[in-house]
Amino acid sequence: MVKKLLSTATLLLMSMSALVAQTFEFRYHGESLADGATVTIAAEEDEWGFGDMCCYTNPSSDPYNGLILQVLSGNNNQGSATMTIDENTFNPSRILWCMGSSCMMFGNNTSITKPFNAENGVCQVQFDAEAIQSEGHLLATLTATIGSETRTVKIKFTNGEQDEPVPGDVNGDGEVTASDVTLLYNVLLNDDYTGVVNADQNGDGDITAGDVTTVYNILLGN
């Protein structure tokens with residue numbers, strides 16, 4: 001009996017741990033991003049008219065017009081973040097990273113870690129690649145931690161490149177997992193496109209059960 005009670009208590013604790021609410025997330029243009037999702041931004045001519053090609057995660061002063069970290073629950077708005085440049089083939093002259101009001105230039109660094117404060121529950125993520133010298137791309141990984149929770153978003157800047165989407169990848173994280181199927185069900189059942197990058201997986205112009213079947217077949221290796 002004691003062993004049975006201990007086993008039941010262990011299962012209950014595991015269930016309670018699984019139900020712990022997510023306390024923060026990354027958002028882009030007001031839409032929630034799945035953990036590990038990739039935000040892809042094409043280079044544009046700078047707004048000052050100098051002819052430089054640049055990429056910005058936040059093209060305006062409006063924090064909801066670009067990439068942000070949003071606190072969902074709890075009173076802890078302070079954390080630590082690391083930005084790591086994984087690939088850089090278009091060689092910008094300047095790379096700037098800000099978490100809220102805390103900013104740093106990358107220089108020769110490929111990884112920077114620093115604290116941040118999400119004032120009023122929002123921390124604007126400003127990541128700029130300016131005066132891009134050639135065609136190519138820059139891929140970076142941003143990892144943020146508040147308390148014991150960690151979230152990641154990948155940022156891909158492109159200049160003269162076009163990415164081919166990964167078949168079956170609904171949330172844009174570069175992989176095909178059960179999360180992609182879940183997102184499609186949310187679209188079909190609730191008209192909820194949160195975290196969705198590419199829902200039309202079979203290319204017929206509609207979002208139907210056929211798209212779910214397509215992703216399932218990819219997951220099963222068919």
Side-chain angles (χ1 to χ4, degrees), residues 3 5-41 57-58 63-87 95-104 106 109-127 138-156 169-186 190 192-197 219:
K3 291 180 67 176
L5 287 173
L6 287 173
S7 178
T8 302
T10 300
L11 289 173
L12 180 60
L13 287 172
M14 290 174 64
S15 299
M16 290 175 65
S17 297
L19 293 174
V20 172
Q22 180 177 332
T23 59
F24 74 96
E25 66 182 7
F26 286 108
R27 293 182 180 178
Y28 187 58
H29 293 326
E31 298 291 333
S32 299
L33 295 174
D35 190 34
T38 299
V39 172
T40 302
I41 301 171
T57 55
N58 270 290
Y64 294 97
N65 192 36
L67 183 63
I68 65 170
L69 182 151
Q70 174 76 56
V71 177
L72 303 175
S73 62
N75 298 319
N76 188 2
N77 292 345
Q78 296 183 333
S80 176
T82 299
M83 182 74 82
T84 301
I85 298 176
D86 303 307
E87 300 174 13
I95 303 176
L96 173 71
W97 173 42
C98 304
M99 291 290 290
S101 59
S102 174
C103 299
M104 292 187 71
F106 263 83
N109 298 319
T110 58
S111 184
I112 296 175
T113 299
K114 60 185 177 182
F116 67 87
N117 180 30
E119 297 182 9
N120 299 317
V122 177
C123 182
Q124 188 179 44
V125 181
Q126 181 182 349
F127 187 53
L138 184 151
L139 180 65
T141 301
L142 173 58
T143 302
T145 300
I146 297 179
S148 60
E149 185 174 347
T150 298
R151 298 280 157 182
T152 298
V153 62
K154 291 183 178 295
I155 302 165
K156 185 170 186 179
D169 181 17
V170 177
N171 61 17
D173 65 356
E175 300 178 329
V176 184
T177 66
S179 298
D180 297 297
V181 177
T182 300
L183 287 177
L184 281 179
Y185 273 123
N186 286 339
N190 305 313
D192 181 3
Y193 282 79
T194 301
V196 173
V197 173
L219 276 173

Nearest heavy-atom neighbours spanning Thr177 and Asp180 = N-OD2, 2.8 Å
message = For a quick test of reading the model, state the closest non-hydrogen atom pair linking Tyr28 to Thr57 and the distance between them.
response = CE1-O, 3.9 Å
Asp35 side chain to Thr152 backbone, donor-acceptor under 3.5 Å = yes
ask   = Ignoring hydrogens and geometry, is there a side-chain-to-backbone donor-acceptor pair from Thr194 to Ser32 under 3.5 Å?
value = no
ask   = How about Thr23 and Ser73: does a side-chain donor come under 3.5 Å of a side-chain acceptor?
value = no
Nearest-0.5 Å distance, CD1 of residue Ile112 to CD1 of residue Ile95 = 9.0 Å
inquiry  = Tell me whether Asn76 contacts the main-chain N or O of Gln78 through its side chain, where contact means a donor paired with an acceptor under 3.5 Å.
reply    = yes
inquiry  = Quick one, Ile146 and Leu69 - any side-chain contact, counting heavy atoms below 4.5 Å?
reply    = yes
query = Taking all atoms of both residues into account, what is the closest heavy-atom pair of Asp86 and Lys154, and its distance?
reply = OD2-NZ, 4.4 Å
query = Do any N or O atoms from the side chain of Asn65 and from the backbone of Asn58 form a donor-acceptor pair under 3.5 angstrom?
reply = no
note = When every non-hydrogen atom of Lys114 is compared with those of Met104, the smallest separation belongs to NZ-N, 3.6 Å
task = First locate atom CG of Asp192, then atom OH of Tyr185, and finally report the distance between them rounded to the nearest 0.5 Å.
result = 15.5 Å
ask   = Does Asn120 use its side chain to pair, donor to acceptor, with the backbone of Val122 at less than 3.5 Å?
value = no
Gly195 backbone acceptor or donor facing Asn171 side chain under 3.5 Å = no
query = At their closest point, which heavy atom of Leu142 faces which heavy atom of Trp97, and how far apart are they?
reply = CD1-CZ2, 3.7 Å
request  = Measure up the Phe127 and Phe106 rings against each other and bin them: parallel (under 30°), tilted (30 to 60°), perpendicular (over 60°).
outcome  = perpendicular
inquiry  = Using every non-hydrogen atom in the two residues, find where Ile68 and Gln124 come nearest and quote the distance to one decimal.
reply    = CG2-CA, 4.2 Å
key: Within 6.0 angstrom of Asn75 CG, more than 12 heavy atoms from elsewhere   = no
remark   = Tested for side chain to side chain contact (heavy atoms under 4.5 Å, CB included) against Glu25, the lone hit among Leu33, Leu72, Val71 is Leu72
